[in-house]
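We use all heavy atoms of the structure for the numbers below, so side chains are in, but hydrogens, waters and symmetry mates are not.
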Amino acid sequence: MRENFQNIDAKKLEIVHEIKSAYDEGKISLEEARKSLKDRVQHLAPYEIAIIEQEMVEETEDECIKEDIQAMLEVFQDVLVTKDQELPENHPISCYRRENAKMKELLLSVEDLVQYPLIKNQWLELYEELLKFKIHLSRKQNQLYPVLEKKGFTRPTTTMWTLDDFIRDEIAECYNLLLEDKEEEFIGKQAELVADVRDLMDKEENILYPTSLEMINEEEFRYMAEGDQEIGFAYISVQADKSGNSASASSSASASTAGAPLSGLSSAPGFAEELAGLLGKYGFNNKEEKLNVSTGQLTLEQINLIYQHMPVDLSYVDENELVCFYTDTKHRVFPRSKNVIGRDVKNCHPKASVHIVEEIIKKFRSGEQDKAEFWINKPDLFIYIIYYAVRDENGKFRGVLEMMQDCTHIRSLQGSQTLLTWEQQEKGESKETSEDEDKRDGSETSEDVGNKESAGSLGNEGNRESTGSLTAGKLTEITEDTLLKDILEADPNVKTLLFRLSDRFKALNTPLARIMMPKATVKIMSERAEVDLDTLLRELREYFKL
């Protein structure tokens with residue numbers, strides 16, 4: 001890790017570690033520790049604390065949760081030198097800080113509400129906002145930590161990840177207590193929750209972010225910003241930088257790039273171009289030239305298109321346990337970012353599940369097992385996950401292939417369908433005769449099932465009463481209270497309009513949408529996609545000619 005910094009004073013770091021350890025063990029008082037640091041050290045940068053923690057402190061279980069950041073700052077307050085580095089608003093670190101600023105406002109609201117008799121709807125509204133903080137945590141884990149890890153700063157991935165998950169679960173636990181009307185237990189946990197979240201943000205802002213700014217260069221931040229757009233943001237709006245010329249703003253939301261950390265290639269063009277560049281080193285220079293694959297011939301463009309249109313998510317980890325590839329599909333079940341490419345697969349998981357990853361690889365490598373299955377079964381959602389051992393023609397272990405699929409619709413299918421029907425029809429186009437025949441038989445077509453899936457897929461809204469905007473499958477009016485499920489039932493193709501208005505509406509294509517948006521009215525759509533309500537209403541009314 002030290003190689004990322006210039007003029008590191010090793011003796012100074014040893015002195016700081018010695019004094020801090022003596023204080024932690026109770027051998028010297030706080031005043032003595034401060035005086036000793038001031039006399040012997042004079043000044044200390046946040047990244048120097050990070051180096052000490054990384055290289056000179058023995059790693060312990062849940063150390064990030066146990067570390068009292070405020071106590072540490074009290075010890076170093078006379079010598080710690082911080083600087084408020086001016087950053088553009090859309091810089092990745094600025095985005096983290098902006099999200100923290102909003103979370104601090106929400107925590108003040110928690111402290112205010114807890115003083116009064118509990119009104120459930122007020123708390124539900126507040127906690128729906130608090131739950132969004134998991135996007136902030138997910139972006140850190142998938143974007144920031146991998147870059148630091150590649151530079152030798154592995155403590156965030158092995159310890160702070162644990163704290164991230166602890167905070168995420170703590171917020172979810174409180175929310176569930178609220179839903180279950182366990183009011184006394186819920187109120188009793190609020191002070192602890194506020195303290196824990198503030199502790200996490202203090203660790204981020206005093207150590208993690210300053211260290212990141214010292215270790216990560218401008219080009220790496222620009223590359224990181226592209227993946228940030230894929231995962232999304234909590235509370236803030238971040239516009240993609242279409243120019244791609246500056247690290248100061250988020251660049252294109254496209255995540256088609258396979259990942260420069262592994263290949264060493266430019267991040268700009270995409271998977272096919274990167275692969276073409278790699279093959280070019282070996283004399284292959286035409287991306288339109290056919291490649292001999294095991295059962296045919298394909299160009300690089302065709303290979304890329306096939307991967308992008310697969311109805312399942314694929315990820316590949318090689319025999320060295322490094323993540324090499326994932327399919328960049330629009331329907332992706334869980335977040336992925338290109339910063340996972342070239343990363344040790346064990347560091348892509350929280351500590352609590354690393355032992356499972358290690359066991360799967362061990363069994364696959366030894367030949368004891370060839371596949372491992374998992375599934376997630378929740379109301380209105382069924383996710384199937386399977387891992388396969390990849391072996392060459394000689395039986396040698398060459399890695400692990402992960403396949404993940406949202407099987408909710410598949411599990412809902414009944415009977416047989418042998419006639420051609422289309423899931424979506426153009427506006428005003430008549431239905432096929434085969435569909436009419438099926439309906440006369442009392443059966444449902446794939447379009448019926450598909451529309452029910454789209455319309456009732458957001459949380460538990462399948463049983464929610466209509467607002468009265470929908471009559472005989474047609475919208476009669478659109479107000480801020482009109483349900484999204486009614487809009488989609490009237491015309492599923494309206495998604496195209498929504499995607500044009502905001503990239504955030506693309507979450508409608510993910511299977512988790514039915515859990516993420518349990519109260520999807522036009523007003524809520526406006527707020528969460530950060531599209532002006534009047535604009536959204538006008539566009540929808542024009543689309544439906546109302």
Side-chain angles (χ1 to χ4, degrees), residues 229-232 237 240 252-256 308-313 328-335 380-381 405-406 408-410 412 421-429 431 445-462 464 466-467 469-470 473-546:
Q229 286 282 343
E230 279 296 293
I231 293 175
S237 176
S252 172
S254 170
S256 60
Q308 288 177 340
H309 288 80
M310 279 191 173
V312 298
D313 294 357
D328 179 28
T329 56
K330 293 180 180 179
H331 60 74
R332 194 178 304 149
V333 177
F334 293 117
D380 298 323
L381 181 69
Q405 184 176 13
D406 172 25
T408 311
H409 173 66
I410 296 173
S412 73
T421 59
W422 299 104
E423 182 178 356
Q424 296 180 344
Q425 297 285 341
E426 293 296 328
K427 289 181 60 179
E429 185 179 337
K431 310 296 186 197
T445 67
S446 62
E447 183 179 15
D448 294 324
V449 175
N451 284 346
K452 287 183 179 179
E453 174 74 12
S454 297
S457 65
L458 307 177
N460 297 319
E461 291 301 306
R464 183 169 174 173
S466 172
T467 59
S469 301
L470 190 68
K474 292 186 177 180
L475 283 171
T476 57
E477 63 176 354
I478 297 179
T479 70
E480 65 179 35
D481 295 320
T482 299
L483 294 175
L484 174 59
K485 75 180 186 70
D486 287 349
I487 294 173
L488 290 174
E489 185 175 343
D491 186 354
N493 290 322
V494 73
K495 286 183 181 179
T496 303
L497 167 67
L498 298 177
F499 296 165
R500 177 173 61 79
L501 293 176
S502 172
D503 285 342
R504 293 197 172 195
F505 282 123
K506 291 182 179 179
L508 292 171
N509 276 343
T510 68
L512 297 180
R514 46 186 160 273
I515 291 177
M516 293 163 53
M517 297 176 64
K519 300 178 181 178
T521 62
V522 171
K523 182 178 181 181
I524 291 175
M525 291 163 59
S526 166
E527 292 170 351
R528 296 190 178 180
E530 297 187 349
V531 175
D532 177 69
L533 178 59
D534 290 337
T535 300
L536 181 56
L537 286 168
R538 183 182 67 253
E539 293 283 348
L540 287 171
R541 287 166 180 164
E542 288 179 0
Y543 181 89
F544 286 100
K545 296 181 170 55
L546 296 176

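A donor-acceptor pair under 3.5 Å links the side-chain atoms of Ser526 to the main chain of Val531, judged by distance alone.
Of all heavy-atom pairs spanning Leu533 and Lys523, the tightest one is CD1-CA, 4.0 Å. Nearest heavy atom pair, residue Phe505 against residue Leu498, reads CD1-O, 3.0 Å. For the pair Arg541 and Thr479, the tightest heavy-atom approach, listed with the atom from each and the gap, is NH2-CA, 4.1 Å. When all heavy atoms are compared, the tightest approach of Ile478 to Thr482 is CA-OG1, 3.4 Å. When all heavy atoms are compared, the tightest approach of Leu537 to Glu480 is CD2-N, 3.9 Å. The two atoms that bring Met310 and Thr329 nearest to each other are O-CG2, 3.6 Å, heavy atoms only.
Side-chain N/O atoms of Asp406 and Thr408 include a donor and acceptor closer than 3.5 Å.
The CD atom of Glu477 sits 10.5 Å away from atom CG of Asp486, with the distance rounded to the nearest 0.5 Å. Note that CG of Asp328 is 6.0 Å distant from CD of Glu230, once rounded to the nearest 0.5 Å.
The only option from Leu484, Leu540, Leu475 that meets the side-chain contact (heavy atoms from CB on, under 4.5 Å) definition with Val494 turns out to be Leu540.
Residues forming a side-chain contact (heavy atoms from CB on, under 4.5 Å) with Glu539 (at least two apart in sequence, or on another chain): Leu497, Arg500, Leu501, Thr535, Glu542. The side chain to side chain donor-acceptor pair (under 3.5 Å) search around Thr496 returns none, not counting sequence neighbours.
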